[in-house]
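A quick note: this is a predicted structure, and the numbers were derived from the prediction, not measured. No hydrogens, no waters, no symmetry mates; every other heavy atom, side chains included, goes into these values. Note on naming: letters A, B, ... go to the chains in the order of the sequence lines (proteins, then strands), and numbering restarts at 1 for each one.
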Protein chains: 2
Amino acid sequence: MLLYALLGILRYAPMSGYDLEQFISISITHFWNAKLSQIYRTLKKMEEDGLVVSEMQEQDGARSKRVYTITEAGIREFESWHTQIETELDEIKQPFLVRTFFMGTQDKDKIQQQMQVWQSLHEQHLNMFENVLPQNIERVKREHGIHPPQRDTFFWWTTLRFGILYEQMVLQWLAEMQQTIDQFDE
Amino acid sequence: MLLYALLGILRYAPMSGYDLEQFISISITHFWNAKLSQIYRTLKKMEEDGLVVSEMQEQDGARSKRVYTITEAGIREFESWHTQIETELDEIKQPFLVRTFFMGTQDKDKIQQQMQVWQSLHEQHLNMFENVLPQNIERVKREHGIHPPQRDTFFWWTTLRFGILYEQMVLQWLAEMQQTIDQFDE
DNA sequence: AAATCCATGTAAACGGTTACATGATTTG
DNA sequence: CAAATCATGTAACCGTTTACATGGATTT
């Protein structure tokens with residue numbers, strides 16, 4: 001999967017592994033994250049498969065970097081993945097729901113503690129989606145010198161919008177739950 | 001993680017690998033799924049670690065099964081995981097949002113096609129959460145002879161409630177997006 | 001002077017999926 | 001009689017994470 005994310009980004013501009021990590025960390029990190037070690041390994045594999053080519057690029061006053069450029073084959077690979085209609089939903093793995101499922105045997109105040117921690121974390125996330133992340137879209141353009149068509153940025157925005165709706169939904173769920181938990185016996 | 005789910009279930013009653021898979025498939029499968037092969041491997045590992053013990057149990061007219069019982073150490077392991085307050089949110093990986101992020105270069109009607117497929121899939125899921133899955137809670141009790149305290153079933157219900165709110169939220173997100181997409185030029 | 005950023009990579013471990021292998025019993 | 005269900009397991013593979021290793025340039 002990381003493969004397709006990397007191809008998708010390299011369509012905008014040639015980049016090094018480090019650059020790609022930076023790009024990811026200010027764009028798709030809230031729904032897809034990757035460690036540098038995995039990025040480097042994946043890029044190596046992609047070059048072997050002819051999806052990208054790399055060359056060392058000297059930099060004045062800084063150490064040189066290996067810059068990857070997407071190939072025709074890489075573009076085709078990305079497009080064949082992307083034009084394919086998905087007819088099944090991704091299977092979601094939500095560890096916190098497993099935890100919730102088995103929460104019945106916990107003490108009332110332990111449960112309330114966890115709920116309050118979750119609430120505050122989701123409030124922070126909501127705030128981030130509403131206030132911090134929108135600026136990142138501008139940062140992507142500025143710091144990576146990328147000027148995508150407006151249709152592209154519309155979809156960047158929708159992923160942020162998803163984050164906002166998701167966090168609001170979780171907060172509602174938590175609030176509902178807390179009402180019943182407050183009425184538990186000690 | 002599967003480890004904790006298995007321990008959590010085995011607290012209710014001793015079960016075979018096959019039984020556990022059945023239990024999972026009618027209870028937590030919409031936020032945590034596992035293949036039989038993984039369940040068997042995990043149970044084996046758990047027995048080596050002393051978290052469960054197993055014995056072959058003869059059945060009249062059916063092949064015998066290996067029934068696992070949680071040990072004291074297993075209960076302690078589950079509880080030390082479960083009483084620990086989670087202070088960070090799970091990292092979510094949502095491949096469909098990666099797909100969405102890069103959707104800008106697609107043709108308008110390809111995009112609309114995908115949106116409609118997603119919409120119909122989420123409508124199906126919502127229907128499942130509202131109508132099919134609630135019956136599963138009764139099936140768990142009946143088919144596995146498990147009678148958990150009402151507090152336990154409250155939390156089982158909340159995971160269903162999460163599913164309903166999630167699907168409604170996604171449908172809202174899709175509807176919002178579709179409004180803008182409908183106004184795209186060809 | 002220390003910490004952070006830039007920059008690249010390797011190796012081992014881990015959790016999960018897919019494929020393979022077997023065979024008895026029950027249901028249509 | 002065929003298909004589905006019950007039941008257990010192994011082996012290979014794959015993507016991801018964690019830990020290890022290095023070192024120059026910039027900021028505090």
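Side-chain nitrogen and oxygen atoms of A:K93 include at least one within less than 4.0 Å of the OP1 or OP2 phosphate oxygen of C:dT17. OP1 or OP2 of D:dA11 has not a single side-chain nitrogen or oxygen of B:R41 nearer than 4.0 Å. For C:dG16, neither phosphate oxygen OP1 nor OP2 lies less than 4.0 angstrom from any side-chain nitrogen or oxygen of B:K35.
Between A:F96 and A:W118, the ring-plane angle classifies as perpendicular under the 30° and 60° cut-offs. Using bins of under 30°, 30° to 60° and over 60° for the plane-to-plane angle, the ring pair B:Y12/B:W156 lands in the perpendicular bin.
Computed from coordinates, the A:L43 CG to C:dT8 P distance equals 9 Å when rounded to whole Å. With rounding to whole Å, A:K44 atom NZ is found 4 Å from C:dT10 atom P. Going from atom CD1 of A:I39 over to atom C1' of D:dG15 covers 14 Å, rounded to whole Å. Straight-line distance from the CD atom of A:Q38 to the P atom of C:dT10: 14 Å, rounded to whole Å. Atom pair B:Q57:CD and D:dC6:P shows a separation of 16 Å (rounding to whole Å applied). Atom CG in B:L36 sits about 13 Å away from atom C1' in C:dT17, given to the nearest Å.
The side chain of B:S37 approaches C:dT18 more closely than any other nucleotide in the set C:dG15, C:dT18, C:dT8. Candidate nucleotides D:dT17, D:dG9, C:dA7 were compared by shortest atom distance to the side chain of A:D19, and C:dA7 ranks first.
Across all strands, A:K45 comes closer than 4.0 Å to no nucleic acid atom at all (heavy-atom distances).
Applying side chain to side chain contact (heavy atoms under 4.5 Å, CB included) to A:K65 and the options A:E58, A:E55, A:Q59 leaves one that passes, A:Q59.
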Would you please test B:S27 and B:R139 for side-chain hydrogen bond (donor to acceptor under 3.5 Å, both in side chains) and show each step?
-> CA-CA 9 Å; B:S27 60; B:R139 282 182 62 199; over 6 Å; no
